[in-house]
Every structure is written in C-alpha cells, then in structure tokens.
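Throughout, numbering of the chain's residues begins at 1 and tracks the sequence. All values below come from the heavy atoms of this structure, side chains included, with hydrogens, waters and symmetry mates left out. Only a predicted model underlies this, so the values are computations on that prediction, with no experimental measurement involved.
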Amino acid sequence: MKKRLMTVLAIASVSLPAAILSPAQAQAGALDGDVTNRLSSGYTVKIATFSGSNLNERCSVDGGATYNCRTYWLPSGKSDDQINGRNWDTDAVMVEQRYKVERWGGTSSQWVSAFKWTKFSSVENATCFYDGAPICSIE
C-alpha cells in the first residue's frame with residue numbers, strides 16, 4: 001500500500017505546482033504589458049508606465065498623443081519585470097534611434113522616429129531585437 005501511495009503522489013506532483021500557485025502567481029504577465037530587450041547594448045531601449053505615482057515626465061507617442069509617464073532604461077538582455085519587479089505593467093517602449101514596430105507577427109509594421117514612444121495595451125507584450133534594423137515586435 002505504501003509503494004502504491006508513493007506512486008500516486010509522484011504522478012500527482014507533476015501537476016501540483018500549478019495548482020498550488022496563488023491566482024496572482026498563476027496569472028503572472030497575463031494582464032500587464034511586458035517588454036524584453038534583446039538588442040545589443042549599443043542600442044538604448046527605454047520603457048514607460050502611464051499609471052501609478054511619480055509620473056513626472058511626458059512621453060510623446062507615435063501618432064501625436066502625449067502622456068504623463070515615468071520612464072526607465074531597459075538594459076540589453078533584460079525584461080521589465082527583472083528591473084521593476086514581477087507583474088510590472090509597461091505601457092510603452094522606445095528606442096533612441098529610428099526603429100521598426102511590427103504588430104501581431106508582422107501583420108502590420110511601421111517605422112518610428114528616434115525618441116518616439118510606441119504605446120501598447122496591457123494584454124500585449126513587446127520584444128525588441130535586431131534583424132537588419134532595431135525592431136520591436138508587439139503581440
């Protein structure tokens with residue numbers, strides 16, 4: 001009986017970790033915009049949040065709107081959650097030189113001027129990388 005119980009517990013333990021996570025842990029990243037910087041350190045990538053306190057800066061997004069914001073430098077090889085904590089909500093990304101934005105697997109794309117922010121929703125995530133030019137893919 002003991003051997004049988006241990007076998008059942010071993011099989012059940014494969015699916016237990018997901019079951020014992022709190023809802024917040026299980027949903028990590030699901031309802032917050034995230035950015036990952038895969039560009040080399042030769043490119044400066046910044047991220048911005050438009051909510052919370054200390055919104056003492058102004059972010060001009062591609063399309064003309066301007067938002068109160070707080071900005072952060074996102075080092076090469078890092079994600080926003082690594083520098084600002086888990087479940088951090090990022091609302092915009094920017095590269096300090098002309099960059100291309102591709103949305104939803106390349107179904108649409110556009111060039112964005114240096115220092116212009118690209119806003120995205122809280123259910124979207126951005127990954128910046130190099131493919132002949134700096135690109136931020138938003139999905």
Side-chain angles (χ1 to χ4, degrees):
M1 177 69 174
K2 184 176 179 182
K3 184 176 181 179
R4 186 174 192 193
L5 178 60
M6 293 302 285
T7 301
V8 170
L9 288 174
I11 292 168
S13 70
V14 172
S15 59
L16 279 178
I20 60 175
L21 291 175
S22 72
Q25 291 169 318
Q27 296 292 323
L31 298 175
D32 66 331
D34 289 315
V35 178
T36 301
N37 180 9
R38 293 191 179 140
L39 286 166
S40 73
S41 60
Y43 295 93
T44 301
V45 176
K46 291 189 175 178
I47 57 174
T49 184
F50 300 154
S51 61
S53 59
N54 299 321
L55 302 177
N56 53 4
E57 299 172 74
R58 300 287 288 165
C59 292
S60 177
V61 301
D62 187 49
T66 302
Y67 296 88
N68 290 329
C69 63
R70 185 165 182 190
T71 66
Y72 301 87
W73 169 60
L74 185 61
S76 178
K78 298 288 184 182
S79 71
D80 59 349
D81 287 351
Q82 289 176 302
I83 65 165
N84 286 326
R86 190 172 185 175
N87 295 327
W88 178 264
D89 183 27
T90 297
D91 297 302
V93 64
M94 181 262 290
V95 180
E96 289 188 350
Q97 73 177 70
R98 187 172 184 250
Y99 64 105
K100 188 176 185 178
V101 172
E102 294 181 345
R103 292 191 180 262
W104 296 97
T107 56
S108 71
S109 65
Q110 68 182 45
W111 286 97
V112 178
S113 300
F115 299 98
K116 283 287 184 185
W117 292 91
T118 298
K119 185 179 184 310
F120 55 93
S121 74
S122 292
V123 297
E124 294 178 305
N125 297 313
T127 301
C128 297
F129 60 95
Y130 187 86
D131 187 13
I135 298 171
C136 291
S137 175
I138 300 172
E139 297 187 9

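- Both the sub-6.0 Å distance and the 45° axial angle are not jointly satisfied by Lys119 relative to the ring of Phe50.
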| Pair Phe120-Val101, side-chain contact (heavy atoms from CB on, under 4.5 Å): steps then yes or no | CA-CA 11 Å; Phe120 55 93; Val101 172; over 6 Å; no

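- In this structure, the side chains of Met94 and Lys116 stay at 4.5 Å or more apart for every pair of heavy atoms.
- Between Asp34 and the choices Ile47, Asp81, Thr90, the side chain to side chain contact (heavy atoms under 4.5 Å, CB included) rule is met once, by Asp81.
- Between Asp91 atom CG and Ser51 atom OG the span is 5.5 Å, to the nearest 0.5 Å.
- With rounding to the nearest 0.5 Å, the separation of NZ in Lys100 from OH in Tyr130 is 12.5 Å.
- In this structure, Tyr72 and Lys46 have side chains that are not in contact, with every pair of non-hydrogen atoms separated by 4.5 Å or more.
- Taking every heavy atom of both residues into account, Trp73 and Val45 meet most closely at CD1-O, 3.5 Å.
- With rounding to the nearest 0.5 Å, the separation of OG1 in Thr127 from CZ in Arg38 is 5.0 Å.
- Neither Val95 nor Trp111 shares a network with the other; the hydrophobic side chains, linked directly or stepwise wherever heavy atoms of I, L, V, M, F, W or Y lie under 4.5 Å apart, form separate groups for each.
- Without hydrogens or angle criteria, Asn37 side chain to Gly77 main chain gives no donor-acceptor distance under 3.5 Å.
- In the hydrophobic cluster analysis, where Ile, Leu, Val, Met, Phe, Trp and Tyr join through side-chain heavy atoms closer than 4.5 angstrom, Ile83 is grouped together with Leu39.
- Of all non-hydrogen atoms in Tyr99 and Ser113, the two that sit nearest each other are CE2-O, 3.9 Å.
- The minimum heavy-atom distance between Ser109 and Glu102, with the atom names listed, is CB-CG, 3.9 Å.
- Minimum interatomic distance between Ile138 and Ala126 (heavy atoms only, all atoms of both residues): CG1-CB, 3.9 Å.
- Between the side chain of Thr36 and the backbone N or O of Ser79, no donor-acceptor pair lies under 3.5 Å.
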| query | Do Arg103 and Thr118 pass the side-chain contact (heavy atoms from CB on, under 4.5 Å) test, and can you show the C-alpha distance, the side-chain angles, and the key distance before you say yes or no? | reply | CA-CA 11 Å; Arg103 292 191 180 262; Thr118 298; 3.5 Å; yes

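- Atom CZ of residue Arg58 and atom OH of residue Tyr67 lie 10.5 Å apart, to the nearest 0.5 angstrom.
- Interatomic distance, Asp89 CG to Ser122 OG, rounded to the nearest 0.5 Å: 3.5 Å.
- With rounding to the nearest 0.5 Å, the separation of CD in Glu124 from CD in Glu139 is 9.5 Å.
- Hydrophobic clustering (side-chain heavy atoms under 4.5 Å, transitive across Ile, Leu, Val, Met, Phe, Trp, Tyr) keeps Ile135 apart from Tyr43.
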